[in-house]
Amino acid sequence: MIIVTEPLEKRPDGWQDHAMVVSPSRRLLGLRLADGVTRGNMRACLSMAFASTMVISFLPAAQPYILSGVLGVPAYDQGKAVGLLGVAAEIAMIASLAWYGALADRYGRRPIAVAGFVLCALGTALFPFADSTAVLVALRVVFALGVAALNGMLSTVAADYVRDGSRGRSYGFVGLFSGLGAMVAVLALVRLPQILESGGTAPVTAARLSFLAIAAAVLAVGALMWFTLSRTRVAPAAERVPLARLIAEGVALARDPGIALSYAAAFVARADLAVVAGFMSLWVTEHALAEGGLSGAEALARAGAVVGVAQTVAMLGAPLVGWLGDRMRRQDVVILAQALAAVAYLSTLLVADPLGSGMMVVAVLIGLGEIAVITTAGPLLAQQAPAAVRGSAYGVQTLCGAVGILVVSGLGGHLYDAWRPAAPFVVAGVAGLLVVAFGLLVRRRVTPLGEPPAPRQAPALRPAPP
């Protein structure tokens, strides 16, 4: 609660009354909001989760349409093109994430978030106008710079806007709204070109109109964020600190066992997300074509059903995992989440037929494990990182996630061809077990930084100054 004491008139006995104006902490969806944060600010945070994940999910999903329908890239070269686009995007994110965090600590979260929407809109608008793969890569880098800003700021704002006891649920709701945004992207937005084509529009024109419309919507959301995100800076003193020093402080925070565990958990969490998005669909599609005798469209539909089950479970499980994160010690819930995800990913070794019912059971486990690791690392970092360098800390954490994608996806992709389709999931599971082992080693050394408790009452009387 917020306590304000106001002096009243002086009493004859030399004492002075103080009235106490008490206002309860603002709440939204059961979340206790931080000082200076309004319900409108929190609604903006959840809207940002929905819109940012929607556009972030749309462009990668629509890449094959641009490669084949606009650029005319042969099917046997599309895999290399997608790989090149992915690597370029990750390198851009790795190069920019720590800087975004430092800039957010200096100038505030709102300008960086809006810049992320502008860059994503620019990359989306120009993507179908590319006349070569090289231009497509450049535009993918522009888009990735926007993605890096949005990812870093979404994690930071979700921590800034609520009190420590609500941060688990805050991340749970962010996960829920992010899942809704991803579903809208893959179920509705990617179909816009096809809808326009069915109405008689040429394929290239349909792609360009669709992408321009989505880019305009993203710009509109960015403008809305400018007016609805909080303008309060968490640490105004950071304005006087050089950006390089802020980045260095974010890295140096890893000396804290809790922050080191959060960074390690983020390395695995982002990699898990990439493995589910990339390799699960590939595994089911290839098996359906080679062994199941299905057509290309049927195979893609079957793969979509499996991935859809995993993502639906992840979306529905996000609030539950967030609630649990506020009922347990943060380091313990991170360890539990990593263990659950590791078991889920290693269970793919038991799948003989990815078209059978066993794969659906594994998809449920993977969806729950995926959202568990994604929503538990952030609250632990928010608990341990000082507010003055929280943006830098989240920049470094997201950087760890980007490196995790490169390492786990690269090694898993090589083993996918050399060993078996479950290999990327096994790599992710083993990485999760390593984080569990590290967490068990440091869990007793994690001391919450915490927040200063709000005063419950003020003295009714005090002597007047002489």
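Scanning for salt bridge (Lys or Arg N to Asp or Glu O under 4.0 Å) contacts around R169 gives D326, with sequence neighbours left out. Residues forming a side-chain hydrogen bond (donor to acceptor under 3.5 Å, both in side chains) with T201 (at least two apart in sequence, or on another chain): none. In this structure, the side chain to side chain contact (heavy atoms under 4.5 Å, CB included) partners of P319, at least two apart in sequence or on a different chain, are L176. The side-chain hydrogen bond (donor to acceptor under 3.5 Å, both in side chains) check on R43 picks up nothing, with sequence neighbours excluded. Looking at residues two or more places apart in sequence or on another chain, you find no salt bridge (Lys or Arg N to Asp or Glu O under 4.0 Å) involving R420. Shown here are the side-chain hydrogen bond (donor to acceptor under 3.5 Å, both in side chains) partners of S170, two or more places apart in sequence or in another chain: there are none.
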Side chains of residues 363-379: which donor-acceptor pairs under 3.5 Å do they make with residues two or more places apart or in other chains?
{"unit_1": "T375", "atom_1": "OG1", "unit_2": "I371", "atom_2": "O", "d": "2.8"}
{"unit_1": "T376", "atom_1": "OG1", "unit_2": "A372", "atom_2": "O", "d": "2.8"}

Tabulate below the donor-acceptor pairs under 3.5 Å that side-chain atoms of residues 178-190 make, not counting sequence neighbours, or state none.
{"unit_1": "S178", "atom_1": "OG", "unit_2": "T53", "atom_2": "OG1", "d": "3.2"}
{"unit_1": "S178", "atom_1": "OG", "unit_2": "V174", "atom_2": "O", "d": "2.7"}

With a 3.5 Å cut-off and sequence neighbours excluded, list the donor-acceptor pairs that the side chains of residues 202-221 form with protein atoms.
{"unit_1": "R208", "atom_1": "NE", "unit_2": "P128", "atom_2": "O", "d": "3.3"}
{"unit_1": "S210", "atom_1": "OG", "unit_2": "A206", "atom_2": "O", "d": "2.8"}

Can you list the steps and then say if L336 with D332 is a side chain to side chain contact (heavy atoms under 4.5 Å, CB included)?
CA-CA 6 Å; L336 178 62; D332 291 342; over 6 Å; no
CA sep, side-chain torsions, deciding dist, call: V147, C120, side chain to side chain contact (heavy atoms under 4.5 Å, CB included)
CA-CA 7 Å; V147 170; C120 283; 4.1 Å; yes
If you apply the rule side chain to side chain contact (heavy atoms under 4.5 Å, CB included), what do you find for R327 with V333, and how did you get there?
CA-CA 9 Å; R327 295 296 185 275; V333 76; over 6 Å; no
Could you walk me through whether L433 and L346 pass side chain to side chain contact (heavy atoms under 4.5 Å, CB included), step by step?
CA-CA 10 Å; L433 290 179; L346 291 174; 3.9 Å; yes
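Scanning both residues, A266 and Q397, for their nearest heavy atoms gives CB-CG, 3.4 Å. Of all heavy-atom pairs spanning V334 and A265, the tightest one is CG1-CB, 3.9 Å. Nearest approach of A44 to L229, heavy atoms of both residues: CB-CD2, 3.9 Å. When every heavy atom of R140 is checked against every heavy atom of L85, the shortest pair comes out as CG-O, 3.7 Å. Taking every heavy atom of both residues into account, L415 and A423 meet most closely at CB-CB, 3.4 Å. Looking at every heavy atom in both residues, P111 comes nearest to Y107 through CG-O, 3.8 Å.
With contacts defined as side-chain heavy-atom distances shorter than 4.5 Å, the pair L380/R167 does not qualify. Side-chain contact between F267 and V435 is absent, with no heavy-atom pair separated by less than 4.5 Å. Between R231 and R110 the shortest side-chain heavy-atom distance falls below 4.5 Å. The side-chain heavy atoms of V55 and F143, taken from C-beta on, include a pair separated by under 4.5 Å. Looking at L381 and Y263, their side chains come closer than 4.5 Å, going by heavy atoms from C-beta outward. Residues I56 and N151 meet the side-chain proximity criterion, which asks for heavy atoms closer than 4.5 Å.
The line from OH of Y100 to CG of L399 is 13.5 Å long, rounded to the nearest 0.5 Å. The CZ atom of R109 sits 11.5 Å away from the OG atom of S155 when rounded to the nearest 0.5 Å. How far OG of S47 is from CG of L224: 7.0 Å, rounded to the nearest 0.5 Å. Expressed to the nearest 0.5 Å, how far CE of M328 lies from CD1 of I335 amounts to 8.5 Å. With rounding to the nearest 0.5 Å, the separation of CZ in F127 from CG in L59 is 4.5 Å. Here the CG atom belonging to L320 is positioned 6.5 Å from the CG atom belonging to L324, to the nearest 0.5 angstrom.
Remark: side-chain polar atoms of R163 are not paired, donor with acceptor, to backbone N or O of R32 under 3.5 angstrom. Remark: the backbone N or O of Q383 is not paired with any side-chain donor or acceptor of R330 at under 3.5 angstrom. Between the side chain of R39 and the main chain of R27, a donor-acceptor pair closer than 3.5 Å is present. A donor-acceptor pair under 3.5 Å links the side-chain atoms of S198 to the main chain of I195, judged by distance alone. Judged by distance alone, the side chain of S96 and the main-chain N or O of L145 form no donor-acceptor pair under 3.5 Å. Checking side-chain atoms of T156 against main-chain N and O of G152 turns up a donor-acceptor pair under 3.5 Å. At least one donor-acceptor pair closer than 3.5 Å links the side chain of N41 to the backbone N or O of T38.
With hydrogens and angles left out, the side-chain atoms of Q384 and S262 include no donor and acceptor closer than 3.5 Å.
Counting only residues at least two apart or in different chains, ring-ring contact (aromatic ring centres under 6.0 Å, His included) contacts with residues 150-195 are absent. For the side chain to side chain donor-acceptor pair (under 3.5 Å) condition, the pairs that include at least one residue of residues 338-364, sequence neighbours left out, are H287-D353. Identified under the side chain to side chain donor-acceptor pair (under 3.5 Å) test for residues 426-436, with sequence neighbours left out: none.
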